[in-house]
Amino acid sequence: MPKINAAITAVSGYVPEDIVTNNDLAKIVDTNDEWITTRTGIKERRILKGEGLGSSYMATKAVKQLLEKSGTKPEEVDLLICATTTPDHVFPATGNIISDNCGLINAFSYDISAACSGFLYSLTTGSQFIETGKYKKVIVVGVDKMSSILNYEDRATCIIFGDGGGAVLLEPTTEDVGIVDSVLKSDGSGKQYLYQQSGGSVSPASEETVKNREHFVYQEGKTVFKFAVTNMADVAYEIMQRNKLTADDVAWLVPHQANKRIIDATRQRMGVAEDKVMINIQKYGNTTNGTLPLCLWEWEKKLKKGDNIILAAFGGGFTWGATYIKWAYDS
Ligand code: UT7
């Protein structure tokens, strides 16, 4: 029997309409466009406004678009995996809500929580369901409404993040394309540098936790930066070595959009030319699980069948990883 590979056969994305520029943020915290641009590469980000709208709202838009453009009937989907750090609720899983909104009546669904590396973890997990031969259509979503856990009085965090997300459809193929390899890592000892302190079982929500602002993102930026810059570059290099890819073999680097300086360091370690790197951090900021599918969505028209693509991410946990994809179609 020929080996079954899992191929991405369609990509979709969604960002909310409301734009918050660096100058808008400078009106509410002590910051300025020059600092944010030079330290992060971000110029503006999207924010989801509207009562009662959470991550599932954006993901539902993306999944409906994915079904439509791929000509997939909702009932044909076997599985939906949602990577998110800002689920609609602690439970049920946001994946369940998205599936219900999109009429995926025959799919089972669940969430994966791995902060900014969640989309890579989910893509790898989803591809393995396809590779068994038992599952034919798997949707992988990466989405976050980071504005729901940001303290807009903390200039060190509120300037970085934005809202948005995207989705990919995975289908089986016996051609030599698809998800080829992944290197995924985690190290929970990094917890204290990037986390949301309360709202979980260790420290449930109380008047005190709200008063102490423990439901917002806490980040020791400098420390996270050091780990990110080394680990994301290392893992991207490792996957190239392991698959005997030279810099010339790589058509595209799809890096997590946390900081332009981290992206540059990763690119340099890989030896890849600047024009092969997908960067949209200036428009969307760090959408956590949304960054990688949003890049694929935006660059889809430029991708060609057989392109060697390396995705790389680093995030809270710590979690990090890289995935090697041979692109499966010409747009
Ligand atoms: O996606 C998940 C993983 N997360 C990341 O990869 C993020 C990694 N970290 C970073 O990207 C960077 O550390 C930040 C962008 C968060 C911060 O940049 P930095 O160059 O590490 O700045 P810093 O935290 O060392 O702060 C430098 C100075 C400080 O002032 P002093 O102590 O030198 O007087 C800060 O108080 O900049 C100050 N500062 C700001 N100034 C203007 C911090 N935030 C701001 C701000 N505007 N928004």
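A quick note: this is a predicted structure, and the numbers were derived from the prediction, not measured. Ligands are counted one by one from 1 in listed order, and the atoms in each one are counted from 1 as well.
If you check which protein heavy atom lies closest to atom 39 (N) of ligand 1, you get W35 CZ2, 3.5 Å. Nearest protein heavy-atom neighbour of atom 29 (C) of ligand 1: R155 NH2, 4.8 Å. Closest to atom 7 (C) of ligand 1 among all protein heavy atoms lies Q219 OE1, 3.6 Å.
Between R213 and E153 there is a salt bridge, since a side-chain N of the basic residue sits under 4.0 Å from a carboxylate O of the acidic one. Ion pair K69/E300 flagged as a salt bridge, since at least one NZ, NE, NH1 or NH2 atom sits closer than 4.0 Å to an Asp/Glu carboxylate oxygen. By the 4.0 Å N-to-carboxylate-O rule, R39 lies too far from E34 to be salt-bridged with it.
At least one side-chain heavy atom of D330 sits less than 4.5 Å from a side-chain heavy atom of K305. Proximity of N151 to V217: side-chain heavy atoms (C-beta onward) are nowhere separated by under 4.5 Å. With a 4.5 Å cut-off on side-chain heavy atoms, C116 and N289 do not count as touching.
Distance screen at 4.0 Å: atom 24 (O) of ligand 1 has no protein heavy-atom neighbour inside the cut-off. Of the protein's heavy atoms, at least one falls inside 4.0 Å of atom 37 (O) of ligand 1. Protein non-hydrogen atoms do not reach within 4.0 Å of atom 34 (O) of ligand 1. Closer than 4.0 Å to atom 5 (C) of ligand 1 lies at least one heavy atom of the protein. For atom 47 (N) of ligand 1, the nearest protein heavy atom is under 4.0 Å away.
The shortest separation from a heavy atom of V224 to ligand 1 is under 4.0 Å, placing the residue in contact.
Below 3.5 Å of separation, one finds an N or O of G221 facing an N or O of ligand 1. For a threshold of 3.5 Å applied to N or O pairs, the pair formed by T40 and ligand 1 contains no separation below that value. Considering both main-chain and side-chain atoms, T31 comes within under 3.5 Å of ligand 1 through a nitrogen or oxygen pair.
Between the side chain of D78 and the backbone N or O of K137, at least one donor-acceptor pair lies under 3.5 Å. Remark: side-chain polar atoms of R267 are paired, donor with acceptor, to backbone N or O of V272 under 3.5 angstrom.
The atoms of ligand 1 that sit less than 4.0 Å from any heavy atom of I262 are 6 (O). Of all atoms in ligand 1, numbered sequentially from 1 with element shown, those under 4.0 Å from a heavy atom of N259 are 10 (C), 11 (O), 12 (C), 15 (C). Using a 4.0 Å cut-off to heavy atoms of R39, the atoms of ligand 1 that qualify are 19 (P), 20 (O), 22 (O), 27 (C). Near K222, with a cut-off below 4.0 Å to any heavy atom, the atoms of ligand 1 are 13 (O), 21 (O), 25 (O). Contact atoms of ligand 1 toward H256: 1 (O) (distance under 4.0 Å to a heavy atom of the residue). Which parts of ligand 1 touch A258 is read off a 4.0 Å heavy-atom cut-off, strictly below it: atoms 1 (O), 5 (C), 6 (O). Listed by number with element, the atoms of ligand 1 under 4.0 angstrom from any heavy atom of C116 are 1 (O), 2 (C).
With respect to R45, the side chain to side chain donor-acceptor pair (under 3.5 Å) criterion is satisfied by exactly one of D163, N22, T21, D24: N22. The side chain to side chain donor-acceptor pair (under 3.5 Å) with N308 is formed by just one residue from the set Y324, W327, W252; it is Y324.
Of the heavy atoms in N286, only side-chain atoms (C-beta onward) come closer than 4.0 Å to ligand 1. Contacts with ligand 1 closer than 4.0 Å are made by side-chain heavy atoms of I160 only, the backbone lying farther away. Of the heavy atoms in F225, both backbone and side-chain atoms come closer than 4.0 Å to ligand 1. The proximity of T288 to ligand 1, defined as any non-hydrogen pair under 4.0 Å, does not occur for either the backbone or the side chain.
Between W320 and F318, the gap from one ring centroid to the other reaches at least 6.0 Å.
Hydrophobic clustering, with ILVMFWY side chains joined whenever heavy atoms are under 4.5 angstrom apart, groups F119 together with W297.
Residue K3 places its NZ atom among more than 12 non-hydrogen atoms of other residues, nucleotides or ligands, all under 6.0 Å distant.
For T86 against I149, the heavy-atom pair with the smallest separation is CG2-CD1, 3.7 Å.
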